[in-house]
Amino acid sequence: LPILIFALGQFAYLSLAHGDFEETERRCRAVRRETERANMLHERADCCTGLLRLFQGDPSAEALLRKVPAQTSNLSLLHVVHYGLSLVALQRGDLASAAGDFLAGSRLVPFQPLIPATFVWFIPAAAGMLAQAGDPRAAAGILAAGKAHPACPQGLWARWAFLGELEDRLQSALPAEAFREASTKGKETDLLEQVDGFHETLRSILDDGNGGQPSTGRPGRSYP
């Protein structure tokens, strides 16, 4: 892999984490341009552009992300693709597919709060699945904990319409005092403890859904 393509891809992810969609767009185009010049597969260009489209709410995100697994066995790309497809499925209300892809991503790279690559995807997907599974208190708690955490990509989360809409739904689902209590408790409770609690909900979703099969067709496994 030419160093320039790798570096441009990393810079694209960095600008994305800061919520600078315009600069990310320029860097993703540069990745694709250099990839074509080197006559290489487009997995990095498809991945970074697919993620940008996901955060912009563009439906083309799914098709771009689905191209990646056929082009690479790079785990650092595949785990991001699975988390991205989990969020795509979640936004269309397919809870079982969201859980399956989420599981596939977490199997490749488990959640670690000080690694932004896992933090960016994990907390929003977990909060969204908890909400769709009927536990708005837990969803509000883990989302509040994520927003207060020093690893939170504040710039990206501030521009991501999905998160704003999710928080609005949680506020509508709970009385005002209950929402405040859940958010306060989330901030005061260890984040990893809440992640463990989410895994209990994930097991239930997988038991009731498709058995943990990711939507890419790659085999999934039930969470232990």
Side-chain angles (χ1 to χ4, degrees), residues 1-21 23-56 58-91 97-126 151 153 156 160 195 199 202 210 212-224:
L1 174 68
I3 295 298
L4 177 59
I5 295 174
F6 175 80
L8 287 169
Q10 294 302 106
F11 282 131
Y13 295 135
L14 182 61
S15 58
L16 185 60
H18 283 90
D20 189 343
F21 292 168
E23 182 61 26
T24 304
E25 182 81 56
R26 287 190 286 271
R27 290 173 177 177
C28 286
R29 288 176 179 170
V31 172
R32 192 170 299 279
R33 182 176 61 249
E34 294 302 323
T35 298
E36 291 173 351
R37 184 176 298 171
N39 195 28
M40 297 176 63
L41 294 174
H42 290 189
E43 70 273 16
R44 287 188 180 273
D46 288 338
C47 188
C48 68
T49 306
L51 292 174
L52 173 61
R53 298 292 177 258
L54 169 66
F55 293 122
Q56 290 175 320
D58 189 320
S60 68
E62 182 172 9
L64 286 163
L65 292 173
R66 288 194 184 282
K67 291 181 180 180
V68 177
Q71 301 180 78
T72 186
S73 58
N74 185 319
L75 298 185
S76 68
L77 292 180
L78 291 177
H79 98 275
V80 169
V81 166
H82 279 300
Y83 280 133
L85 288 173
S86 176
L87 287 160
V88 168
L90 191 60
Q91 291 180 68
S97 292
D101 271 305
F102 184 94
L103 176 64
S106 64
R107 285 292 192 185
L108 295 174
V109 181
F111 174 70
Q112 299 179 56
L114 294 182
I115 298 180
T118 59
F119 193 95
V120 169
W121 330 112
F122 192 105
I123 298 300
L156 173 60
W160 191 8
V195 167
H199 283 141
L202 182 62
N210 67 355
Q213 295 299 317
S215 63
T216 57
R218 290 175 178 268
R221 289 176 289 172
S222 296
Y223 201 87

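Quick caveat: nothing in here was measured; it's all calculated off a predicted structure.
Side-chain contact between S106 and W121: absent, with no pair of heavy atoms (C-beta onward) separated by less than 4.5 Å. By the 4.5 Å heavy-atom criterion applied to side chains, T35 and L41 are not counted as neighbours. Contact check for I123 versus F111: side-chain heavy atoms found under the 4.5 Å cut-off. R27 places a side-chain heavy atom less than 4.5 Å from the side chain of S15. The shortest side-chain heavy-atom distance between H18 and L156 does not fall under the 4.5 Å cut-off. Side-chain contact check for C48 versus T24: every heavy-atom pair is 4.5 Å or farther apart. Side-chain contact between R44 and N74: present, with at least one pair of heavy atoms (C-beta onward) separated by less than 4.5 Å.
Nearest heavy atom pair, residue I5 against residue A38, reads CD1-CB, 4.3 Å. Y83 approaches V109 most closely through the heavy-atom pair OH-O, 3.5 Å. Across all non-hydrogen atoms, the minimal contact from V81 to C47 is CG2-SG, 4.1 Å. The two residues S86 and A98 come nearest to each other via the heavy atoms OG-O, 2.7 Å. Considering all non-hydrogen atoms of both residues, W160 and L54 come closest at NE1-O, 4.1 Å. Shortest non-hydrogen contact noted between F102 and A126 is CE1-N, 4.3 Å.
Atom-to-atom distance recorded for L90:CG and L85:CG is 12.0 Å, nearest 0.5 angstrom. A distance of 14.0 Å separates CZ of R107 from CG of L75, quoted to the nearest 0.5 Å. With values rounded to the nearest 0.5 angstrom, L16 atom CG is found 9.0 Å from Q56 atom CD. Interatomic distance, CG of L103 versus NE2 of H82, reported as 9.5 Å (0.5 Å rounding). Atom-to-atom distance recorded for R26:CZ and L8:CG is 13.0 Å, nearest 0.5 angstrom.
For D58 (side chain) and A61 (main-chain N/O), no donor-acceptor pair under 3.5 Å exists by modelled atom type. In this structure, the side chain of H79 engages the main chain of S76 through a donor-acceptor pair within 3.5 Å.
More than 12 heavy atoms of other residues, nucleotides or ligands sit less than 6.0 Å from atom NE2 of H42.
Just one residue in the list K67, R66, Q71 forms a side chain to side chain donor-acceptor pair (under 3.5 Å) with D46, and that residue is Q71.
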(request) Dump the intermediate steps for side-chain contact (heavy atoms from CB on, under 4.5 Å) on V80 and L65, then the final yes or no. (result) CA-CA 9 Å; V80 169; L65 292 173; 5.9 Å; no
(message) Is there a ring pair (Phe, Tyr, Trp, His ring centres under 6.0 Å) between F21 and F55? Walk through the geometry before answering.
(response) CA-CA 9 Å; F21 292 168; F55 293 122; 7.0 Å; no
(message) Using salt bridge (Lys or Arg N to Asp or Glu O under 4.0 Å), reason through E34 and R29 one step at a time and then give a plain yes or no.
(response) CA-CA 9 Å; E34 294 302 323; R29 288 176 179 170; over 6 Å; no
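Salt-bridge formation is not detected for the pair R32/E36: no Lys NZ or Arg NE/NH1/NH2 atom is positioned less than 4.0 Å from an Asp or Glu carboxylate oxygen.
With sequence neighbours left out, F11 forms a ring pair (Phe, Tyr, Trp, His ring centres under 6.0 Å) with no residue at all.
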